[in-house]
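Heads up, the thing below is written out as structure tokens.
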Amino acid sequence: MSFNVTAFGDYCASAVEDQSTDVAALCQVYNLATDGSNAAGDLSDGLNTFFLLFSGALVFLMQAGFAMLCAGSVRQKNVKNIMLKNLLDACGGAIGFYTIGYAFAYADNASDSKTFIGNKNFLLLSFDGSGGEWIGWFFQFAFAATAATIVAGTVAERCKMQAYLCYSVFLTGFVYPVVVHSIWSGDGWITAFRDDPWQGVGVVDFAGSGVVHMTGGATALVAAIILGPRKGRFYDEDGNPLETPVSFPAHSVALQILGTFILWFGWFGFNPGSALAIDNSVSAETAALCAVTTTLAAACGCVTSMFTDTMIEKSATGEVSYDLTAAMNGALGGLVAITAGCSVVTPWAACIIGIIGGWVYLGFSKFLIKMKIDDAVDAIPVHFANGMWGVLAVGFFADPDLMAIAGYNDFPGVFYGGSGELLLCNFVSIVWICAWVFFLMTPFFVVLNALGMFRVDALEEEVGLDISHHRGPGYDMSAAKEEDVQALKNSRHGGTSVPAEDTA
Amino acid sequence: VEDQSTDVAALCQVYNLATDGTNAAGDLSDGLNTFFLLFSGALVFLMQAGFAMLCAGSVRQKNVKNIMLKNLLDACGGAIGFYTIGYAFAYADNASDSKTFIGNKNFLLLSFDGSGGEWIGWFFQFAFAATAATIVAGTVAERCKMQAYLCYSVFLTGFVYPVVVHSIWSGDGWITAFRDDPWQGVGVVDFAGSGVVHMTGGATALVAAIILGPRKGRFYDEDGNPLETPVSFPAHSVALQILGTFILWFGWFGFNPGSALAIDNSVSAETAALCAVTTTLAAACGCVTSMFTDTMIEKSATGEVSYDLTAAMNGALGGLVAITAGCSVVTPWAACIIGIIGGWVYLGFSKFLIKMKIDDAVDAIPVHFANGMWGVLAVGFFADPDLMAIAGYNDFPGVFYGGSGELLLCNFVSIVWICAWVFFLMTPFFVILNVMGMFRVDPLEEEVGLDISHHRGPGYDMAGAKKEDVEELMEVRASKHGKVEVPKEVAQAAEDTA
Amino acid sequence: VEDQSTDVAALCQVYNLATDGTNAAGDLSDGLNTFFLLFSGALVFLMQAGFAMLCAGSVRQKNVKNIMLKNLLDACGGAIGFYTIGYAFAYADNASDSKTFIGNKNFLLLSFDGSGGEWIGWFFQFAFAATAATIVAGTVAERCKMQAYLCYSVFLTGFVYPVVVHSIWSGDGWITAFRDDPWQGVGVVDFAGSGVVHMTGGATALVAAIILGPRKGRFYDEDGNPLETPVSFPAHSVALQILGTFILWFGWFGFNPGSALAIDNSVSAETAALCAVTTTLAAACGCVTSMFTDTMIEKSATGEVSYDLTAAMNGALGGLVAITAGCSVVTPWAACIIGIIGGWVYLGFSKFLIKMKIDDAVDAIPVHFANGMWGVLAVGFFADPDLMAIAGYNDFPGVFYGGSGELLLCNFVSIVWICAWVFFLMTPFFVILNVMGMFRVDPLEEEVGLDISHHRGPGYDMAGAKKEDVEELMEVRASKHGKVEVPKEVAQAAEDTA
């Protein structure tokens with residue numbers, strides 16, 4: 001009674017003369033059914049590729065978001081410098097991740113053994129194009145570039161270009177890939193994507209609160225400590241601590257808000273895109289849920305952070321004021337915090353994660369100032385602190401049903417009656433990422449510093465990096481010469497009637 | 001017998017294969033539609049950035065932080081309001097065929113089970129709700145209190161807008177096209193929301209602008225006497241305005257084609273594709289018409305030929321708003337005509353508002369309210385019956401296709417209904433806010449600008465390097481390499497700061 | 001017999017099921033491809049915003065409105081021109097296998113029946129046409145008359161560009177790869193348009209720049225004597241330039257992968273995916289190469305290390321233009337080499353133009369014309385025969401893969417053809433405009449800037465709050481709560497305005 005469908009297909013194709021009408025009809029139906037199934041497989045490839053192209057492109061656009069946010073946040077005299085760093089990040093990230101980063105991060109060793117680092121696909125040479133390899137690289141590159149760009153803002157206005165280039169290649173080429181390998185690769189030691197993950201569940205960091213944001217944020221923290229604050233931020237000319245820290249005004253709030261919106265938009269690629277496929281109902285549901293939780297966490301983070309800040313300021317000064325920096329960093333904090341759990345928490349949990357994310361941002365920002373650690377764009381509270389909170393939050397809020405839908409083992413978070421395996425896994429991932437980054441980056445930056453390659457000359461810092469290193473300031477707003485405007489006025493209609501607009 | 005059993009087994013196998021194929025197609029269909037709404041919703045969300053840039057560029061430099069914060073909070077408030085109650089009011093299906101005024105299920109999305117695209121449906125609809133709310137921000141810019149703004153934006157996304165949506169886009173609505181027996185046999189055809197979204201936002205803006213009054217110095221002098229010519233406040237950054245316009249246009253490629261809601265079959269693919277074409281053409285025609293008409297008007301008045309960016313970009317936006325209702329049911333040439341008239345509607349209504357001394361800081365009322373009305377009406381004239389059927393409506397033709405006016409009547413009634421509903425609710429709302437002193441900022445604060453008054457300082461600090469520092473660097477650089485010559489960038493900077 | 005009839009009934013059911021599955025797959029395929037082109041077209045459209053920001057940032061502050069208006073009108077004019085005649089000239093298939101010079105059907109899209117993705121095909125192609133037109137805007141910025149601009153942009157999108165498209169991308173073209181028997185057996189391989197789009201735009205820009213002459217004070221002093229060193233006019237806002245660069249790069253992920261035109265099967269999915277990879281790598285390599293080469297050149301000249309943003313961003317754009325022709329047929333390492341050389345081509349051609357005293361306000365000629373040529377040629381060297389087959393071309397290898405040069409010859413001929421066609425048409429066109437005094441603005445207007453001369457005032461008004469108002473607020477706030485202390489933001493503002 002056994003029937004081999006493939007053999008039957010061959011039989012149909014062979015067109016034997018003596019087959020009955022019945023069999024011929026059946027063969028035709030078989031061919032039709034095969035066509036349908038093959039078309040579905042083809043469509044599936046196309047749809048998933050398109051989904052990752054869309055998501056990767058949106059994540060890439062986050063580079064523009066970071067560039068605008070950072071550019072708006074720094075003083076006018078350093079705007080070219082920070083934007084160039086953002087542009088080079090995207091480029092360096094591409095080159096570093098192409099040559100070695102992807103190989104270190106993902107290479108599957110075709111065994112079930114745990115490995116520390118991948119070792120295949122250098123320069124993508126062994127790609128054969130099938131199985132979405134090209135588009136997979138593209139999507140992962142966009143993430144790597146994001147991790148690198150986080151650091152740029154923190155060390156803005158005082159970091160040397162050479163140092164920046166060194167660490168961004170080091171970060172995307174080695175530090176970040178090893179973290180990825182441990183958590184997102186099937187070979188990683190703490191990954192959820194093995195048959196027998198640690199504690200039965202492994203680390204659940206869906207879109208990378210830990211892998212991407214903490215790695216970038218932790219590097220930023222180390223860099224900020226070793227690099228020291230900007231001149232005049234916490235200490236006066238003679239090095240005596242100031243009573244109140246001087247806050248340097250953002251040179252353009254318009255660019256900051258533009259950057260924030262672009263980042264939020266990009267996150268709709270970052271989080272839903274991390275479903276990696278959308279060719280079936282289950283992954284479609286996962287991606288859709290990610291869009292909802294991402295939106296809600298950002299909204300709650302923004303509102304919470306701004307109004308809390310308003311209340312704090314009101315109790316201090318008696319005036320009601322609304323701070324844009326608190327609002328936009330609150331939104332970003334909420335986005336970072338939901339990144340780990342976007343596919344495994346319910347909307348109400350996303351709201352709570354966002355609300356706490358807003359507080360985490362505010363608290364950590366004030367803590368840094370107290371510690372006299374200078375972060376030019378508050379990237380450490382947003383990415384490092386909220387990255388940690390996001391990874392931890394999964395341990396509390398993960399819904400076991402959603403875990404199963406998202407492809408994890410259905411371990412519940414503590415608030416769903418879990419006994420803490422998931423929380424433990426995620427806590428260990430935080431410790432691991434911090435330890436790995438601190439262990440590698442601290443000596444790295446110390447050596448750079450000792451060699452005098454880390455911080456710019458004091459005078460150059462005072463003048464600003466644009467004039468010192470980038471051939472002049474970033475803006476030239478000089479308008480038309482007064483005498484020319486006057487001459488134009490006089491030339492029109494014998495100079496008697498001047499158009500209204502020219503009198504401006 | 002053996003032959004027969006082999007036959008049956010073979011048939012079963014083929015059956016399984018066919019079932020696999022069909023199931024895979026169903027799965028793919030879910031995935032594709034979800035992805036389509038994710039894409040469209042994300043683009044509509046980006047329109048928040050477009051509005052923020054457009055408004056920021058249009059106001060004076062002293063209020064730029066204020067307006068952008070309002071835009072950011074809109075997105076947030078819209079999300080929270082639409083999550084908690086708005087979606088429930090707008091869409092809940094009561095599983096009966098009765099007409100209802102408002103939905104009452106799915107508060108906090110609690111009864112979602114994830115199937116059937118519910119999550120992504122909420123995401124897409126949220127983006128629309130946030131758009132409706134953000135339209136108002138620009139009109140009342142430079143003088144509206146933050147508290148008032150927060151109150152009305154929650155009220156709008158949580159209640160006013162959802163009721164309009166329920167009536168026109170929900171299967172339970174009283175005037176919807178999506179019932180078995182819609183009113184007049186066709187119901188209101190407002191494909192992507194010229195009426196539902198733009199008129200609702202625009203009408204709110206109109207009420208607010210009337211009650212709030214014009215900005216200081218716009219139509220009246222210090223002593224309250226009307227000025228002979230209204231003073232126009234210059235936009236502080238045209239670059240931001242144009243950036244905003246382009247982002248909005250880009251976002252509209254999610255707004256209109258996305259309203260097909262599905263793209264898993266040839267018919268909805270055709271609908272979405274047609275939307276992209278009509279949207280493009282209406283915007284282009286609106287832009288060109290508005291700008292050149294403005295140029296001709298100005299030329300006849302002053303004799304000088306000049307090209308106005310505000311007219312161009314608001315013309316484009318007016319065309320986009322106007323095509324939104326009919327993007328899936330009109331042909332390309334009709335889209336051109338709708339866009340051209342949209343450009344004129346914008347210009348005319350803008351001048352009418354100035355004549356009425358109603359002050360709209362970013363011309364949102366002519367763009368969204370006036371062109372929203374025009375767009376909804378235009379469907380009644382230009383709807384092609386074949387395209388109506390393809391887009392899923394009953395195939396009633398517009399008046400120009402020999403229709404006897406049912407569609408025009410439906411759409412006209414929807415305009416009256418939206419205006420009445422918004423005016424009825426928002427007028428007392430804003431009057432009370434105003435009486436309580438919660439609507440308009442203090443005159444002195446308005447004069448200083450809201451950024452310094454309420455947002456901890458101005459939005460820009462363009463101070464460059466200090467002159468003495470640059471000079472010092474010049475000396476260092478000149479001596480460092482034993483050179484006499486100073487690097488050109490430093491010399492240039494020294495000259496500039498001199 | 002009864003058994004048999006049951007069998008037949010069962011078979012019929014299975015047949016229906018199989019048919020359903022196959023039909024669903026066909027439907028899905030339509031939807032997916034339409035969606036893919038909607039996404040890609042929207043991204044390419046957003047490149048208009050990228051060009052607007054890049055150009056706006058690159059010009060002097062006094063011409064910012066002018067250049068942005070041109071960019072906006074480009075999008076509009078492109079839509080109208082391509083709708084009315086451009087598409088008909090470019091694509092109409094005459095249903096014969098004969099070679100034609102120009103298409104002649106589908107004017108105003110009137111014969112579209114909606115099937116087969118016609119609507120979305122137009123949308124995608126329109127976005128490309130608008131890109132070709134907008135390239136020119138930057139080069140002639142700060143001195144070209146609006147009228148001239150409108151004339152040439154309609155001429156370009158309505159006739160010049162469509163003929164190039166017809167020859168290379170239409171099945172009827174004389175040198176196309178999409179015939180059964182293409183020239184030399186392979187035809188021109190210009191996947192996403194390094195030649196068709198970028199060279200056409202860039203060549204027009206080159207002709208225009210030569211005839212229009214340099215901006216006042218760039219190469220010659222007031223009296224017309226050549227300056228020893230050319231004066232470089234500083235970009236008024238680097239922030240806008242970088243924003244534009246990133247938006248363009250983002251848009252290119254629609255431009256290149258989208259040119260696969262379909263994504264409903266594994267093969268075209270692979271093509272699109274490869275395009276995304278090669279596009280990224282070429283841009284990254286172009287950027288890094290161009291900037292560091294520039295740094296080294298400057299260092300050898302001045303002894304100071306400096307990093308130039310213009311070199312970096314134009315290097316990235318140069319890499320993007322260069323990979324556009326071959327993005328689907330070269331391997332990643334070849335993309336890196338194409339990008340690296342693209343960076344050098346940009347730098348070299350930019351310096352060459354300055355030496356020739358040809359003034360390009362935004363360096364569009366080196367980026368689009370020079371790198372467009374390099375990109376088309378590079379295919380002849382680097383095309384991988386396997387990838388050629390996957391991308392749907394005949395599997396002719398590039399010279400470095402052992403090809404005997406047919407492909408290189410085809411692509412070289414396409415360069416000659418595009419240059420000849422554009423130079424032949426545009427030279428008399430611009431010369432006549434110039435003779436009629438319609439090309440270049442009045443010298444005084446140029447000096448004042450086009451914004452004040454033609455667009456009703458400057459693009460920015462950064463005036464902040466008045467000093468006395470801030471001081472008054474300071475007093476009010478200090479007394480209001482019985483406090484002596486003034487809120488820090490007001491005090492700070494008072495200090496700043498002092």
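Quick note on labels: first sequence line is chain A, next is B, and so on, each numbered from 1.
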Electrostatic pair B/Glu304:C/Arg456 at N-O distance under 4.0 angstrom: no

Quick one: what part of C/Leu473 sits under 4.5 Å from any heavy atom of chain B, side chain, backbone, both or neither? both

C/Gly31 versus B/Ala269, closest heavy-atom pair with distance: CA-CB, 3.7 Å

Are side-chain heavy atoms of B/Glu445 and C/Val476 found at a separation under 4.5 Å? no

Do C/Lys65 and B/Gln241 have side-chain heavy atoms sitting under 4.5 Å apart? no

State, without any angle test, whether B/Thr22 and C/Asp20 hold a side-chain donor-acceptor pair at a distance under 3.5 Å. no

Is there side-chain contact between C/Trp119 and B/Pro332, with heavy atoms separated by less than 4.5 Å? yes

Given that the side chain runs from C-beta out, which part of C/Phe39 has a heavy atom under 4.5 Å from chain B: side chain, backbone, both or neither? both

Among all residues two or more places apart in sequence or in another chain, which pass the side-chain contact (heavy atoms from CB on, under 4.5 Å) test with B/Ala276? B/Pro257, C/Leu38, C/Ile120, C/Phe123

Criterion side-chain contact (heavy atoms from CB on, under 4.5 Å) on C/Thr34 and B/Ile263, from CA distance to verdict: CA-CA 8 Å; C/Thr34 302; B/Ile263 198 158; 4.3 Å; yes

If I measure from the heavy atoms of chain B, does C/Leu17 come under 4.5 Å with its side chain, its backbone, both, or neither? both

Need one label for C/Leu43: side chain, backbone, both or neither, based on atoms under 4.5 Å from any heavy atom in chain B. both

Note: B/Lys62-C/Asp469 ion pair, threshold 4.0 Å (strictly below): no

Verify whether the ring centers belonging to B/Phe35 and C/Phe35 lie closer than 6.0 Å. yes

Which region of B/Ala235, side chain (C-beta onward) or backbone (N, CA, C, O), has a non-hydrogen atom less than 4.5 Å from a non-hydrogen atom of chain C, or is it both or neither? backbone

B/Met313 versus chain C, the contacting section by heavy-atom distance below 4.5 Å: both

Where is the tightest heavy-atom contact between C/Ala79 and B/Ala284, given as atom of each residue plus distance? CB-CB, 3.7 Å

Backbone N/O of B/Trp333 and side chain of C/Tyr83: donor-acceptor pair under 3.5 Å: yes

Can you say whether B/Val305 sits under 4.5 Å from chain C via the side chain, the backbone, both, or neither, judging by heavy atoms? backbone

Applying a strict 4.5 Å limit to non-hydrogen atoms, the region of C/Leu28 in contact with chain B is both

With rounding to the nearest 0.5 Å, note down the distance linking SG in B/Cys287 to CG in C/Leu73. 5.0 Å

Check whether any side-chain N or O of C/His455 sits under 3.5 Å from a backbone N or O of B/Tyr307 as a donor-acceptor pair, and report yes or no. yes

Nearest 0.5 Å, please: how far is CG in C/Asp451 from CG in B/Leu309? 8.0 Å

Using 30° and 60° as the class boundaries, would you call the ring planes of B/Trp249 and C/Phe45 parallel, tilted or perpendicular? tilted

Quick one: of B/Phe250, B/Tyr15, B/Phe36, who has the most non-hydrogen atom pairs under 4.5 Å with chain C? B/Phe250

In terms of heavy-atom pairs under 4.5 Å, which option from B/Asn265, B/Asn63, B/Leu32 contacts chain C the most? B/Asn265

Can you tell which part of B/Cys336 gets under 4.5 Å to a heavy atom of chain C, answering side chain, backbone, both or neither? side chain

Please determine whether the number of non-hydrogen atoms from other residues, nucleotides or ligands lying under 6.0 Å from atom CZ of C/Phe107 exceeds 12. yes

Heavy-atom distance under 4.5 Å to chain C: side chain of B/Thr331, backbone, both or neither? neither

C/Leu46 and B/Phe246: which non-hydrogen atoms are nearest, and at how many Å? CD1-O, 4.5 Å

Given that the side chain runs from C-beta out, which part of C/Leu150 has a heavy atom under 4.5 Å from chain B: side chain, backbone, both or neither? side chain

From C/Cys76 atom SG to B/Leu281 atom CG, the distance as rounded to the nearest 0.5 Å: 10.5 Å

Does the side chain of C/Leu72 reach to within under 4.5 Å of the side chain of B/Ile242, using non-hydrogen atoms? yes

Most heavy-atom pairs under 4.5 angstrom with chain C, which of B/Ser237, B/Gly57, B/Gly21? B/Ser237

With chain B, which of C/Ala24, C/Ala42, C/Ala25 has the greatest number of heavy-atom pairs at distances under 4.5 Å? C/Ala42

For chain C, the option from B/Thr310, B/Thr295, B/Asp294 that forms the most heavy-atom pairs under 4.5 Å: B/Asp294

So for B/Ser268, is it side chain, backbone, both, or neither that comes closer than 4.5 Å to the heavy atoms of chain C? neither

Pairwise side-chain contact, C/Tyr460 with B/Pro234, heavy-atom cut-off 4.5 Å (strictly under): no

Top residue by heavy-atom pair count (under 4.5 Å) with chain B, among C/Gly459, C/Ala463, C/Ala18? C/Gly459

Does a side-chain heavy-atom distance below 4.5 Å link C/Arg477 with B/Ser453? yes

Quick one: are B/Leu243 and C/Met53 in side-chain contact, heavy atoms under 4.5 Å? yes

From C/Met462 CE over to B/Met462 CE, what is the distance, rounded to the nearest 0.5 angstrom? 5.5 Å

